[in-house]
Amino acid sequence: MKLLRDILDKQVVDREQVKIGKVDGLVAELRPGEPPKIVAVELGSITLGRRLGERPGRWMARVAARLGGKRHAEPHRIAWNKVRDIGVDIEFDIDVRETAIFDWQDWLRDHVIGRIPGAG
Amino acid sequence: MKKLLEISLGVVTSVGGFLEVGSVATAAQAGAAFRFQLIWAVVLGTFCIIFLVEMAGRFAAVSHHTIADGIRERFGFNAFLWPLLATLLVNFLVMAAEIGGVAIALELATGIGFQWWALPVAFLAWLFLWKGTFGFIEKGVAILGLVTLCFVVGAVMLKPDWEQVAAGAVPTLPDHDAANYWFMAVSILGASISPYLFMFYSSGAIEDEWDKSYLGANRAIAGLGMSFGGTIAIGVLIVAALVLAAHGIEQVDDYHQLPLMLIPIFGFWGFVLFVASLGIACFGAALEIGLQQAYLVAQGFGWTWGENLKPRDDPGFSTVYTILLVLAAIPIALGLDPLKLTIFSMALTAASLPLTVVPFLFLLNDERYVGEHRNGMIANAAVIFIIALGFVLAIVTIPLQIFGGT
Amino acid sequence: MATVNLEQLAGRNVLSHGKSIGRIEEIRAEPDGDDLVVTEYHVGIYAAFERLSASAIGIAVLDVFRLRSRDSVYRIPWDKLDISDPARPRLLCTTEELSGMKGSIEGDKPE
Amino acid sequence: MAATLQARIVNAVTAVGLRPDRPCLLLIIFVLTACSPSDQVEQQSKTAASATQTASLVLESWIAGGAPSEYTSRTLQSAGKALADAGAQIQSAKSPEPSGQAGLTMAVGRLSAAVIRAATAVQNGNRSEVEHAQQDLRAAAADLSTSYAKYFAPKS
């Protein structure tokens, strides 16, 4: 399997097929004498910022912490052993509602979008 | 039978996407200043967009990815950022131009200045996106958009010398105002080959749940729909040449001049038809661009997207088009001339083409995405041609913007 | 446990005795029991073509500019590249070993 | 065309903070424009002619009942403004031919006045006044083409 081509930047869905983001980062564990093991995927603006460079990464982390509190000062991670299927999308055996990934969308829904008439 | 219905609907829809304030304004200017001489630019632009739309639809139908998904996945986030930013900017400008187009139509109809209409128009467009479904918007825009056929009817009624019209389809050098001529050619190409059009089309294919069985329909829709749109644009150009240029009006730099194209042909109804065509075509385009902007951001970052969802269920998606509509209404509300803005954004669209078209060369040849439905020689040659054209346009647009623009 | 972000490696220059041998364009991984482990890093412009499934086009372009001399990919085994600082990957082998890691380009066929 | 071109280049060059007195820049400007300064007059005369034709077409359409009054009067106002602008530009151009230039300026001024007059008449729905203004417009347009022909007549 080729990680950069086939995994990175792919669409991530949860077990309900809800689109929750792209594979913005891939985390490997370094083990002495053994090959690095993939342990998680990362999602979110902090990881994307870090891909652009050190400074955008730090800046993004600061913004995220300011807006979202401590819970959002680090990128969101989903453990690799939750992978269920790799096809058009990568499906993880999680429920996005139990993670912090959609906190900002929930905030947006509860405070802005949901208050506008006709939002459904 | 169902497929046939779907194809005809798709054809009409693509007209809605093709014909907007950009193609009307650039074709009118070109016809007035250079008569039939710039028809070739419309023809060339139409050919290019046929190829790109067909590929965008094929890519979506076979790989179940939109073009934006494909670019991000294959080229990575860092490379994706450039076409993303360029398209966001171009979409913003074109959106402002479309709001301006609707606002002009309303000014012509009511006598109330266009800048007062910018916010109401943006609000109405937002309401359609907020409450409407994809099918409703697609079909509504398509069917009302048929009113733009009045330009073709008008062109035929004027009995142009068809030999001269055909001669215009062959590129020739101008005998006067060379800088202006090339600037108009670039603007026409920008108005025809709009990135929002093919990116919207690939998102639409996913929304309509296309699969491989739609490949034939896709080809028919791309070919017929875009040619249909191109025909209407040529209709505008012919009418402008035979009405405006024939009356000695060689410079169209004031949007008040535009209805004069149809009044000598249809009388008062010509005025009404023009106002309706401009208003509907621009409003439809505004809806499509609003959706496209939201699709692009949502797909780029992997959020939930879909016009058929309720705003509550895709808050990120609906926030993007809401913000875009508010921002795009501002320049028009401040009184920026919609016609100048239109011509400027069409030229910039042309300049942004390489960023969005280069990925086609890779995505449509990648067996992992399109398998046996890869590009053939002709399609690849077309992509390479469009990329080369895009690079030339990008390089010449800026000087022409300074020297040739009106 | 020490973790490292692999996406940070993409596009990083790999140096051999101060000289660049190319950029990391691909990371290969294989299942190992229930785990997925990194096996190889692919370095060089041809690795980029492989990633974009564009070997044919890429080679044609390089031919036009007569740049085809570096006609291969370095496939560096996981234990020959120290990635503990992904911004500065360090090669852990000699020049001779490195030339043994040269490989030809893979086809575009899906695996 | 080329004189506005020249002005645009100079504007563009100064806008990016370069001094346009560099010899090479001058050379570029010269190559790009390579025309006499009377081009600005020519360009503006063409703009004036186009605006005049717009005004006369919209007036004809109004008289024939094809164009609504509100639209007609707005179009005329806009054309009148374009004419006034063109007149000012022709007047300020450094032309080698002051007498011809004055003729053009005067003709464009008359056109602008006639168009504005027509705009008011249309607004008030005064048909006879509109027809008067239309006659003025025709006369001034003929004036413009005579002055134009005189200005650009081959001299030696």
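We name chains A, B, ... by the order of the sequence lines, and we start the count at 1 in each one. These numbers were taken from a predicted model, which means no experiment stands behind them.
In this structure, B/F151 and B/F274 have perpendicular ring planes: the angle between them is above 60°, well past the 30° mark. The aromatic rings of D/Y71 and B/H256 lie tilted to each other, with the angle between the two planes from 30° to 60°.
Heavy-atom pairs under 4.5 Å with chain D peak, among B/L244, B/L108, B/L260, at B/L260. With chain B as partner, the option from D/P68, D/S56, D/A67, D/S73 having the largest number of non-hydrogen pairs under 4.5 angstrom is D/P68.
In B/F266, the CZ atom is crowded: over 12 heavy atoms of neighbouring residues, nucleotides or ligands sit closer than 6.0 Å.
With a 4.5 Å cut-off on non-hydrogen atoms, B/I249 touches chain D through its backbone and its side chain both. Looking at D/E70, the atoms closer than 4.5 Å to chain B (heavy atoms on both sides) all sit in the side chain, from C-beta outward.
Remark: the backbone N or O of B/K340 is not paired with any side-chain donor or acceptor of B/Y255 at under 3.5 angstrom.
For the pairing with B/E98, the side chain to side chain contact (heavy atoms under 4.5 Å, CB included) check across B/V21, B/T342, B/I332 returns one residue only, B/V21.
Not counting sequence neighbours, the partners of B/A241 by the side chain to side chain contact (heavy atoms under 4.5 Å, CB included) test are B/R35, B/F36.
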Going by atom type alone, with no hydrogens or angles, which donor-acceptor pairs under 3.5 Å involve a side-chain atom of residues 77-85 of chain D and a protein atom two or more places apart or on another chain?
{"from": "D/S78", "atom 1": "OG", "to": "B/D254", "atom 2": "OD2", "distance (Å)": "2.3"}

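A 4.5 Å side-chain heavy-atom check between B/Y181 and B/L38 finds at least one atom pair inside the cut-off. Using a 4.5 Å cut-off on side-chain heavy atoms (C-beta onward), B/W182 and B/L173 make contact.
Along residues 107-124 of chain D, no residue comes nearer than 4.5 angstrom to chain B, judged on non-hydrogen atoms. Of all residues in residues 112-119 of chain B, those placing a non-hydrogen atom less than 4.5 angstrom from a non-hydrogen atom of chain D are B/I112, B/G113.
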